[in-house]
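Any value given below was found using the heavy atoms of this structure, including those in side chains, with hydrogens, waters and symmetry copies removed.
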Amino acid sequence: MKKHFNFAELLERIKVQFRISKGSKERLELGPLAMDVTSHQVFVDEQEIHLTLKEFQLLEFLVRNKEQVCTRTKILEKVWDIRFDYESGVIDVNINAIRKKIGHQLGEQLIQTIRGVGYIAKEP
């Protein structure tokens, strides 16, 4: 890491290293969607879907915080660099890509838009 670092980022990196060193699988679930965080795999009804790294990180963040509204600011802080342009639409583009890959109707049930605020991951 560079000399000036974010302490929260350091803690996240340490947590990742512990997960890797333990060899344990971490599985997150949201309705028919299952994520294996260790192997970066996503399944819908046991069928694997392929996500980009940012799509995976965004989905993981939403699923870890399911049933809680995730503001755009919080998403940008946790998934992208905090200096990322808030108005760029990058979150919307990635959410739409995730929904399409999951299946648009199911994707909209699992990841709901809270207009003017952000998104929420909910059990169907």
Side-chain angles (χ1 to χ4, degrees):
M1 291 188 82
K2 295 178 183 174
K3 193 170 187 176
H4 299 284
F5 61 91
N6 181 325
F7 190 73
E9 180 182 355
L10 175 63
L11 287 177
E12 286 302 316
R13 287 180 183 222
I14 291 170
K15 287 178 190 177
V16 167
Q17 289 303 313
F18 276 123
R19 280 198 304 257
I20 291 170
S21 66
K22 286 183 193 175
S24 65
K25 289 193 173 195
E26 185 176 0
R27 186 174 172 96
L28 302 174
E29 295 183 358
L30 181 68
L33 183 134
M35 299 181 74
D36 183 334
V37 178
T38 308
S39 66
H40 278 243
Q41 291 178 299
V42 178
F43 300 91
V44 176
D45 292 326
E46 313 246 346
Q47 182 177 359
E48 186 174 4
I49 61 169
H50 300 281
L51 301 177
T52 66
L53 177 60
K54 280 299 175 197
E55 290 167 354
F56 185 90
Q57 291 172 334
L58 175 56
L59 183 60
E60 178 185 4
F61 178 74
L62 292 171
V63 173
R64 285 187 187 279
N65 295 285
K66 65 183 169 187
E67 307 298 333
Q68 298 175 18
V69 175
C70 297
T71 65
R72 291 176 178 281
T73 304
K74 193 68 154 177
I75 292 169
L76 288 172
E77 286 175 2
K78 299 297 181 182
V79 179
W80 280 272
D81 185 350
I82 193 163
R83 288 174 246 123
F84 204 90
D85 184 13
Y86 178 82
E87 298 295 325
S88 72
V90 70
I91 297 171
D92 302 321
V93 169
N94 281 276
I95 291 289
N96 285 330
I98 293 168
R99 285 176 175 162
K100 284 180 186 174
K101 290 177 181 181
I102 291 173
H104 201 69
Q105 185 176 6
L106 177 61
E108 285 187 355
Q109 287 177 349
L110 296 177
I111 304 169
Q112 298 176 6
T113 303
I114 308 299
R115 299 249 179 248
V117 179
Y119 295 91
I120 185 169
K122 290 185 125 182
E123 297 283 343

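A donor-acceptor pair under 3.5 Å links the side-chain atoms of Glu67 to the main chain of Glu123, judged by distance alone. At distances below 3.5 Å, not a single donor-acceptor pair connects side-chain atoms of Thr71 with backbone N or O atoms of Gly118. Between the side chain of Asp45 and the backbone N or O of Gln47, no donor-acceptor pair lies under 3.5 Å. Gln112 places a side-chain N or O within donor-acceptor distance of the main-chain N or O of Gln109, the cut-off being under 3.5 Å.
Heavy-atom neighbours of Lys122 NZ from other residues, nucleotides or ligands within 6.0 Å: at or below the threshold of 12. Annotation: Glu48, atom CD; neighbour count of heavy atoms from other residues, nucleotides and ligands within 6.0 Å is above 12.
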Next on the checklist: Go through it in stages, so that I can follow the logic: the residues are Thr38 and Glu26, the test is side chain to side chain contact (heavy atoms under 4.5 Å, CB included), and I'd like the CA-CA distance, side-chain angles, deciding distance and then a yes or no.
Outcome noted: CA-CA 6 Å; Thr38 308; Glu26 185 176 0; 4.3 Å; yes
Item to check | Pair His50-Lys101, side chain to side chain contact (heavy atoms under 4.5 Å, CB included): steps then yes or no | outcome: CA-CA 8 Å; His50 300 281; Lys101 290 177 181 181; 5.9 Å; no
Checklist entry - Asn65 and Tyr119: side chain to side chain donor-acceptor pair (under 3.5 Å), yes or no, with the steps? => result CA-CA 10 Å; Asn65 295 285; Tyr119 295 91; over 6 Å; no
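Rounded to the nearest 0.5 angstrom, Phe56 CZ and Asn94 CG are separated by 14.0 Å. Within the model, atoms CD1 of Ile75 and CZ of Phe61 stand 6.0 Å from one another, a figure rounded to the nearest 0.5 Å. In this structure, CG on Leu62 lies 9.0 Å from CG on Leu30, to the nearest 0.5 angstrom. Summarising the geometry, atom CD belonging to Glu55 is positioned 10.5 Å from atom NZ belonging to Lys100; distances are rounded to the nearest 0.5 Å. Distance check, rounded to the nearest 0.5 Å: CE of Met35 to CD of Glu29 gives 11.5 Å. Considering CG of Leu58 and CG of Leu51, their distance stands at 9.5 Å, rounded to 0.5 Å.
At a threshold of 4.5 Å between side-chain heavy atoms, the hydrophobic network of Ile, Leu, Val, Met, Phe, Trp and Tyr places Ile49 and Ile95 in one connected group.
A salt bridge does not link Arg72 to Glu77: none of the charged nitrogens lies less than 4.0 Å from a carboxylate oxygen.
Looking at Glu60, Lys54, Lys74 one by one, the single match for side chain to side chain contact (heavy atoms under 4.5 Å, CB included) with Val79 turns out to be Lys54. Among Ile111, Val44, Leu106, the one residue that satisfies the side chain to side chain contact (heavy atoms under 4.5 Å, CB included) test with Leu33 is Val44.
Annotation for Gln68 and Ile120: closest pair O-CG1, 3.4 Å, computed over non-hydrogen atoms.
Considering only heavy atoms from C-beta on, Leu110 comes within 4.5 Å of Pro124 through its side chain.
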